[in-house]
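Throughout, numbering of the chain's residues begins at 1 and tracks the sequence. In listed order, ligands and their atoms are each counted from 1.
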Amino acid sequence: MANPLTPDVLVDPVVLTRALVDIESVSRNEKVIADCVEEVLRKAPHLSVDRLGNTVMACTDLGREQRVVLAGHLDTVPINNNFPSTVVDDLIYGCGTSDMKSGTALALHLAATLPDPRYDLTYLFYEAEEIESQYNGLALVAEAHPEWLLADFAVLLEPTYGVVEAGCQGTMRALVRTHGRRAHTARAWRGVNAIHAAGEVLRRLQDYRPRTVTIDGCTYREGLNAVRISGGVAGNVVPDECVVEVNMRFAPDRTEKQALEHVQEVFEGFELELTDSAPGALPGLTAAPAREFLAAVGSEPAAKLGWTDVARFAALGIPALNYGPGDPLLAHAPDEHVEIGKIRDGAATLHRWLAAPSF
Ligand SMILES: [Zn+2]
């Protein structure tokens, strides 16, 4: 296959978005798109290029004082009668248009067309963001080549509909267990009903008042929810165990340990087992490149309530945020699309921010 990412495609981020969408790249099938991206980056004399699996890294080395990472994943969720792309009026439809080939196109467009940015830039085009963390290209890079991630600031071009979404909330899941004693329901007084005991767990959840926290102008809304409940032995048995699975979403001013202590406090007196946990990320909007980025965007940042790869940078001490042309509400939807105007706006904003000042 001839590489569709020709020079005249790379100069236009809208055309480039379509070209990327039309290279099928469902998670674990990113080899072809990574090959195409690597080939065009290697042709750019101002970039040094390296690769790990199907993750491609390219960086400038201009001796600038600060370094910025621009990152986008190459994979998509499975196709759903939405491949290849189609255009209707100002909208490009297709799998990955919003999440996040329009964002990835902005990074690739800049990599190919901006030889003298005001910061040194590291571009990361990575694999397997949409599936389990063990395959995630950024996670693999953090293990094998942590030096690729070193920077003063990072922008992930995930869909935010042109708004800056800073930081992200942490998430943790835990099992709250109640115990009882089995008995025949005909002689229920001989037993202790563990499902009834779970009523107190649910009451505490219902009474729970989640915090709202504002950090660097971003408002995070926490949440503690039961997401699953199981218990019961048979139609004539007093059950001896009930398990309520809870999910805590916590603002990034709490560490994972503090969030766990908080959940333990809420369910004091009950057996609690932590099953899964991921830290949040502070918005980190005080770094100089971040402030200049916000000035270029020209609108107030919003808090990211979900968990994103931003937290992987935060774990390395690098402030990071999300900013991309796609609409997050359309991600993974069968009618996924992106507005051409949002792609053009995003490209103009990033150029304004990254182009070297003229003297
Ligand atoms: Zn995404």
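In this structure, OE1 of E158 and NE2 of H73 enclose an angle of 110° at the Zn ion (ligand 1), rounded to 10°.
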Take F267 and V246, measure what side-chain contact (heavy atoms from CB on, under 4.5 Å) needs, and give me the verdict at the end.
CA-CA 11 Å; F267 298 109; V246 297; 4.0 Å; yes

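At a threshold of 2.8 Å, the Zn ion (ligand 1) has a backbone or side-chain N, O or S atom of D99 nearer than that distance. The nearest N, O or S atom of E130 is not closer to the Zn ion (ligand 1) than 2.8 Å.
By the rule that hydrophobic residues join a cluster once side-chain heavy atoms approach within less than 4.5 Å of another member, L74 and V141 end up as members of separate clusters. Taken together through direct or relayed side-chain contacts under 4.5 Å among Ile, Leu, Val, Met, Phe, Trp and Tyr, M100 and L110 form part of one hydrophobic cluster.
Y220 and A251 get closest at one heavy-atom pair: CB-CB, 3.8 Å.
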